[in-house]
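Remember, it's 1-based here, ligands and their atoms both numbered in the order they're listed. Along the sequence shown, the residues carry numbers beginning at 1.
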Amino acid sequence: MSALREAFCADLERAASTRDLQDLRDRYLGRKRGRLVALLKTLAGAPPERRRALGQAANALKQEIEGELTARREAAEKRRGPAGAVDATLPGRAPALGHRHPLSLVREEMESIFSAIGFEILEGPEAEDDYHNFEALNMPAAHPARDMQDTLYLDGSIPAPGGGRPATLLRTHTSGMQIRYMETHEPPIRIIAPGLVYRRDTPDLTHSPMFQQVEGLLVGETVTMGDLKGTLEHFLRALFDDDTRVEFRPSFFPYTEPSTEVFITCVFCHGDGCAVCKQTGWIEILGAGMVHPAVFEAVGYDAERFSGWAFGIGIDRVALLKYRVDDIRRFYGNDLHLLEQFPS
Ligand code: PHE
């Protein structure tokens, strides 16, 4: 009898959960295979004069075991609080974290490259006025360059040529941020302005009516095209890889003169020629140039004294190349198969 009692005490010591307590109850007090029942059965063979005392002792042990188990269960329940309450002693469950969007990753990478060399990061309005998006950038109302960008106007307010109320539009590029910043600041200037832009494009593999750009602007007293080339080379090598070669080809933008289209060696074939670069070995990656004097005049800068450069780069295009995604629309499709491949 005392051996059974000791065995029970040792088992109780080890019981950690309410589940363990239930197991113990089954093992000791269970009606069919419980150890106490087994003990009682052996009592049947004891001499009659001892049976009564043994029976009482067995009963006492049964009550003791029951008492211990109940006490332990109640203590556990008390710790857990009322039914349905939170058990503060359970380890926490880690909440599922989302993933960084590939476009955010690229944007942040561009931001950190430029902030490391002293550029400030700005944000500006996506709903822009005609003046900042076009006019002040040397694209007056009848300027043919406006046709380069198919504009989405707000409130259906396509402006009447040469007058009418000022149109509000979804900015077609981030270049308006050059104007906004220069209107309120004096040189020297070193800024980048990332953000969403909108164009009336039919979505396909490489076009989305909404995409993202980063604008860059640097203005000072002795800024040259050499500064532009050096900075962009540094930027593009940091963004892609050290072996990237950069080529500046003549181009045209109304707000820069001279203007350039910047190419890099194809990130897939490194210049050998492949389907992505259409066998040319080169990929066009951004537009840039020296700030046009007319732009300085629009913001009241002395174009004789100051010079500067600007560039605009598409974030989506860089992300397509960097992560080898084949369709720009996938960046806006909330497709978890794609998004879950990127870090949290
Ligand atoms: N705004 C141009 C575009 O959207 C890029 C650009 C920015 C070009 C600044 C020159 C200077 O393509």
*asked:* If we only consider heavy atoms of W309, is any one of them less than 4.0 Å away from an atom in ligand 1?
replied: no
_Using the ring centroid of each side chain, check whether Y332 and F211 are separated by less than 6.0 Å._
no
*What do we get for F311 next to ligand 1 when only non-hydrogen atoms under 4.0 Å count, side chain, backbone, both or neither?*
backbone
*Show which atoms of ligand 1 fall inside a sub-4.0 Å distance from at least one heavy-atom site of R199.*
3 (C), 4 (O)
*Heteroatom proximity flag, T172 to ligand 1, N/O under 3.5 Å*: no
_Whether over 12 other heavy atoms sit under 6.0 Å from K229 NZ_ = no
*Parallel, tilted or perpendicular: which describes the rings of F306 and Y301, with under 30° parallel and over 60° perpendicular?*
tilted
*N/O separation below 3.5 Å, T256 to ligand 1*: no
*Is there a ring-ring contact (aromatic ring centres under 6.0 Å, His included) between F311 and F119 once you walk through the steps?*
CA-CA 13 Å; F311 72 88; F119 281 65; 7.8 Å; no
*Would one find an N or O of E215, backbone or side chain, under 3.5 Å from an N or O of ligand 1?*
no
*Do other residues, nucleotides or ligands put more than 12 heavy atoms under 6.0 Å from Q56 CD?*
yes
_I'd like to know if R199 pairs up with D150 as an ion pair, taking the criterion as any Lys NZ or Arg NE/NH1/NH2 lying under 4.0 Å from an Asp or Glu carboxylate oxygen._
no
*Counting heavy atoms only, which part of A288 comes closer than 4.0 Å to ligand 1: side chain, backbone, both or neither?*
backbone
*With heavy atoms of H173 as the reference, note each atom of ligand 1 found under 4.0 Å away.*
1 (N), 4 (O)
*Mark up the atoms of ligand 1 that fall under 4.0 Å of a heavy atom belonging to G287, in ascending order.*
6 (C), 8 (C), 10 (C)
*Is the ring centre of Y255 less than 6.0 Å from the ring centre of H173?*
yes
